[in-house]
Amino acid sequence: MTDMTPTKFDFNTVTGLSKTAKPIARPLSTLKGYFHDAAAFDAALSAGDPLVYEYFDMGVPETDGNVAYGTTSIKPGKIGDEYYMTKGHFHTVLDTAEVYYCLSGHGGMMMETPEGKVEWREMKTGDAVYVPGRWAHRSINISLTEPFVMFFAFPGHAGHDYGTIATKGFRKLMVERDGKPVMVDNPRWNG
Ligand SMILES: O=P(O)(O)OC[C@H]1O[C@](O)(CO)[C@@H](O)[C@@H]1O
Ligand SMILES: [Fe+2]
């Protein structure tokens, strides 16, 4: 049983942006505590409040028979040596999966389980990643010139658990070293 009518999402297949729906913006000021270099964060914030990412919540009912979907666009940039990224989260219903399809750009998905397994999957235009249930996930833009844009879909009842990542962080980070993205241990990981 669902109260949805058949719907077409009018997103641009390169930018991910809709002509009609309004994106949810995540400017830097909403990401305090997420980047490892707090001094670089404060410096970037005092120089302005750049948009780090934006995404669409299409308002699908939060039931297990529905599929929540939308697009996310992570802008190019770094805070210190760390690439722009989403907050990242577990699903509240932990064992629920998510699918991501890259519409444009160059980035990847950082994933980890509560037990400490870590996986990184690099993504370019046309690549898809399946994030299994129980894996926290964060999208990271490793291009410094173009947005990293993805279509996503997940079970409507999954919910977002931001608290665990906000408190502990991810075990691994993507940082720039000698002009290249490298995965390193998170010096501030708080497990
Ligand atoms: O929710 P976060 O971790 O801020 O990341 C934003 C993206 O992830 C989603 O929560 C989907 O899991 C979207 O709403 C959006 O793609
Ligand atoms: Fe998710």
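Remember, it's 1-based here, ligands and their atoms both numbered in the order they're listed. Computed from a predicted model, the values in this text were never measured in an experiment.
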>> Around atom NZ of Lys168, are there more than 12 heavy atoms from other residues, nucleotides or ligands closer than 6.0 Å?
In response: no
> For Tyr162 and ligand 1, does the shortest N/O to N/O distance drop below 3.5 Å?
Replying inline: yes
>> Quick check on contacts: which atoms of ligand 1 are under 4.0 angstrom from a heavy atom of Phe154?
In response: 11 (C), 12 (O)
> Which protein heavy atom lies closest to atom 5 (O) of ligand 1, and at what distance to 0.1 Å?
Replying inline: Thr86 CB, 3.5 Å
>> Counting only heavy atoms closer than 4.0 Å, does ligand 1 sit against the backbone of Glu98, its side chain, both, or neither?
In response: side chain
>> Among all the protein's non-hydrogen atoms, which is closest to atom 7 (C) of ligand 1, and how far away is it?
In response: Thr72 OG1, 3.7 Å
>> I want to know if ligand 1 touches Gly88 in the polar sense, i.e. an N/O pair below 3.5 angstrom.
In response: yes
> For the rings on Phe56 and Phe9, is their centre-to-centre separation under 6.0 Å?
Replying inline: yes
> How about Cys102 and Lys124: do any of their side-chain heavy atoms sit closer than 4.5 Å?
Replying inline: no
>> Quick test of your reading of the structure: of Phe56, Tyr69, Tyr100, Phe152, whose heavy atom lies closest to atom 13 (C) of ligand 1?
In response: Phe152
> Do any N/O atoms on Tyr55 end up under 3.5 angstrom from N/O atoms on ligand 1?
Replying inline: no
> Between His91 and His160, does a side chain to side chain donor-acceptor pair (under 3.5 Å) hold up when you go through it step by step?
Replying inline: CA-CA 5 Å; His91 289 160; His160 290 77; 5.1 Å; no
> Are there more than 12 heavy atoms of other residues, nucleotides or ligands under 6.0 Å from atom CD of Glu62?
Replying inline: no
>> Taking distance alone, with N or O pairs closer than 3.5 Å, would you say His91 contacts ligand 1?
In response: no
> Among protein heavy atoms, which sits nearest to atom 6 (C) of ligand 1, and what does the distance come to when rounded to 0.1 Å?
Replying inline: Tyr53 CE1, 3.8 Å
>> With clusters defined by side-chain heavy atoms of hydrophobic residues (ILVMFWY) lying less than 4.5 Å apart, directly or transitively, does Phe151 cluster with Ile24?
In response: no
>> Test side-chain contact (heavy atoms from CB on, under 4.5 Å) on Thr86 and Arg26; report intermediate values, then the result.
In response: CA-CA 8 Å; Thr86 61; Arg26 289 278 179 256; over 6 Å; no
>> Regarding ligand 1, does His89 bring an N or O atom to under 3.5 Å of one of the ligand's N or O atoms?
In response: yes
>> Strictly below 4.0 Å, N to O, side chains only: are Glu119 and Lys117 in salt-bridge contact?
In response: no
> So, are Asp185 and Arg171 salt-bridged, with charged N and O less than 4.0 Å apart?
Replying inline: no
> Run the salt bridge (Lys or Arg N to Asp or Glu O under 4.0 Å) check on Lys75 and Glu54 step by step: do they pass?
Replying inline: CA-CA 8 Å; Lys75 310 308 170 190; Glu54 57 188 332; 2.8 Å; yes
> In the single-linkage hydrophobic clustering (I, L, V, M, F, W, Y; side-chain heavy atoms under 4.5 Å), do Met123 and Leu103 co-cluster?
Replying inline: no
> Ignoring water, what protein N, O or S atoms are under 2.8 Å from the Fe ion (ligand 2)?
Replying inline: His89 NE2, His91 NE2, Glu98 OE1, His137 NE2
>> Among all protein heavy atoms in this structure, tell me which lies nearest to atom 10 (O) of ligand 1, with the distance rounded to 0.1 Å.
In response: His160 NE2, 2.6 Å
>> Looking at Asp161 and Phe90, would you say the former's side chain and the latter's main chain have a donor-acceptor pair under 3.5 Å?
In response: no
